[in-house]
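Working notes, structure below.
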Amino acid sequence: MLPTTRATISAAAAALVAVGGFLGTRYLAVVVLGLTVLLAMGWPVLLRASRRRTASVILIGGGVLALVAVLVGRNAPHLRHMVVAVALMVIAALVSEIFWPSSRGRAVTSVAATCAGAIVVASGAAWVAASRTHGAEDLVVTGGVALAVSAIVSVMTRSSGVNSILALTLGTLSGIGTGALFPELPWWAGGSVGLLCGAIVTLLQELRRREPKLNGWLPGISSAVAPVLGAGALVYIGGRLLVG
């Protein structure tokens with residue numbers, strides 16, 4: 001998949017998160033669930049897991065549990081039940097090696113790939129938790145817009161260094177601009193959330209650039225969705241520290 005195509009998918013996914021956050025928690029949860037399924041389908045291929053179907057099932061099941069855990073926890077801290085879903089995904093990754101063992105020499109790689117995916121899908125569930133903090137929809141919309149802008153400008157030029165600077169700068173500026181539009185979100189808090197979103201897009205884009213090219217749409221879509229889901233935890237933590 002071309003970097004521009006991957007960036008377009010990332011921007012579209014981030015835009016869906018922003019729209020879901022604006023419409024309400026239910027809609028946001030549906031968006032996150034859809035992105036989780038997309039990531040789970042291609043993540044085992046992206047990280048070269050041996051038993052790919054098993055890993056996908058674990059990530060989808062764990063992602064659903066993480067979302068349910070966040071939806072159930074209506075009072076702060078909203079992520080207190082989500083750690084159970086993360087623990088179950090890790091245990092499932094280990095137990096699956098007993099019943100569906102990986103090919104020789106690939107067990108550690110497969111378990112590590114599934115555990116890494118567990119962190120990403122759990123971070124995606126944190127978007128729903130972020131929508132329940134002070135500033136609610138404003139915080140999620142700001143993060144979604146910053147992610148979309150950062151994803152687009154991260155492939156503007158052929159220089160990875162210039163692209164990183166553009167993503168961080170314009171991600172921050174978009175956060176400031178969006179924060180200035182919402183009365184409950186200070187501009188400096190919006191800028192901080194924008195910076196965090198620009199940082200995760202930059203980091204994952206650089207990691208993906210250094211990896212060999214993989215054939216097929218699923219791993220490309222998974223790598224495009226990963227920064228959007230992964231930013232959920234950053235936006236939630238940033239919102240708790242900066243907004244309330």
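- Of the residues Leu147, Val193, Val140, the one that meets the side chain to side chain contact (heavy atoms under 4.5 Å, CB included) test with Val235 is Val193.
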Taking distance alone, no hydrogens or angles, what donor-acceptor pairs closer than 3.5 Å link side-chain atoms of residues 4-12 to residues at least two apart or in another chain?
residue	atom	partner	partner atom	Å
Thr8	OG1	Thr4	O	2.8
Ser10	OG	Arg6	O	3.2
Ser10	OG	Ala224	O	2.6

Exercise. Between Ser96 and Ile58, does a side-chain contact (heavy atoms from CB on, under 4.5 Å) hold up when you go through it step by step?
Worked result: CA-CA 9 Å; Ser96 66; Ile58 292 173; 4.1 Å; yes

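- A distance of 12.0 Å separates CE in Met82 from CG in Leu65, rounded to the nearest 0.5 Å.
- Put simply, CG on Leu168 and SG on Cys197 are 11.0 Å apart, with the number rounded to the nearest 0.5 Å.
- Closest approach of Ala14 to Gly144, counting heavy atoms only: CB-O, 3.4 Å.
- Panel note: side chain Ser164, backbone Ser160; a donor-acceptor pair is recorded below 3.5 Å.
- To the nearest 0.5 Å, atom CD1 of residue Ile119 and atom CG of residue Leu229 are 13.0 Å apart.
- The two residues Val228 and Ala13 have their closest heavy-atom pair at CG2-CB, 4.0 Å.
- A donor-acceptor pair is defined here as one N or O able to donate and one able to accept, closer than 3.5 Å; such a pair exists between the side chain of Ser154 and the backbone of Ala151.
- Nearest heavy-atom pair, Gly171 versus Ala146, reported as atom, atom and distance to 0.1 Å: O-CB, 3.8 Å.
- Under the 4.5 Å side-chain heavy-atom criterion for grouping Ile, Leu, Val, Met, Phe, Trp and Tyr, Val86 is not connected to Val57 through any hydrophobic cluster.
- Clustering of Ile, Leu, Val, Met, Phe, Trp and Tyr by side-chain heavy atoms under 4.5 Å joins Ile98 with Ile91, Val95, Phe99, Trp100.
- Listed here is the closest heavy atom pair of Ile60 and Ala40: CG1-CB, 3.4 Å.
- The closest donor-acceptor contact from the side chain of Arg48 to the backbone of Arg106 lies at 3.5 Å or more, if one exists at all.
- Expressed to the nearest 0.5 Å, how far CH2 of Trp217 lies from OG of Ser222 amounts to 14.0 Å.
- No donor-acceptor distance shorter than 3.5 angstrom exists from the side chain of Trp127 to the backbone of Gly21, with no hydrogens or angles considered.
- Evaluated for a side chain to side chain contact (heavy atoms under 4.5 Å, CB included) with Thr178, the options Val149, Leu173, Val145 yield exactly one hit, Val145.
- Annotation: side chain of Val70 is in contact with side chain of Val128 (closest heavy-atom distance under 4.5 Å).
- Trp43 contributes a side-chain N or O that, together with a main-chain N or O of Ala113, makes up a donor-acceptor pair within less than 3.5 Å.
- Across every non-hydrogen atom of Val32 and Gly124, the tightest pair is CG1-O, 3.4 Å.
- Criterion: ILVMFWY side-chain heavy atoms under 4.5 Å apart, direct or through other members. Under it, Val64 and Val72 are part of a common hydrophobic cluster.
- Proximity of Val68 to His81: side-chain heavy atoms (C-beta onward) are nowhere separated by under 4.5 Å.
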For this session: Check the pair Leu71, Thr25 against side-chain contact (heavy atoms from CB on, under 4.5 Å), reporting the backbone distance first and the verdict last.
Result: CA-CA 9 Å; Leu71 291 171; Thr25 302; 4.0 Å; yes

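- Side-chain contact between Ser102 and Glu97 is present, with heavy atoms from C-beta onward closer than 4.5 Å.
- Of the inter-residue distances, the one linking Leu218 atom CG with Leu39 atom CG reads 11.0 Å to the nearest 0.5 angstrom.
- When hydrophobic clusters are built by joining Ile, Leu, Val, Met, Phe, Trp and Tyr residues whose side-chain heavy atoms come closer than 4.5 Å, directly or via intermediates, Ile237 is grouped together with Val121.
- Under a hydrophobic clustering in which Ile, Leu, Val, Met, Phe, Trp and Tyr are joined whenever their side-chain heavy atoms come within less than 4.5 Å, directly or via other members, Val141 and Ile152 fall into different clusters.
- Contact of the Thr114 side chain with the Met89 side chain is not registered, since no non-hydrogen atoms from C-beta on lie closer than 4.5 Å.
- The shortest heavy-atom contact between Ala118 and Leu59 is N-CD2, 3.4 Å.
- Rounding to the nearest 0.5 Å gives a distance of 9.0 Å between CG of Leu195 and OG1 of Thr169.
- Every residue two or more places apart in sequence or in another chain that forms a side chain to side chain donor-acceptor pair (under 3.5 Å) with Thr157 is listed here: Asn163.
- In the hydrophobic clustering of ILVMFWY residues, with side-chain heavy atoms under 4.5 Å counting as a link, Val225 and Leu33 come out together.
- Between the side chains of Ser110 and Ser50, no donor-acceptor pair of N or O atoms lies under 3.5 Å.
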Exercise. Hey, mind stepping through Val17 and Leu28 against side-chain contact (heavy atoms from CB on, under 4.5 Å) and telling me if it holds?
Worked result: CA-CA 6 Å; Val17 168; Leu28 179 60; 4.0 Å; yes

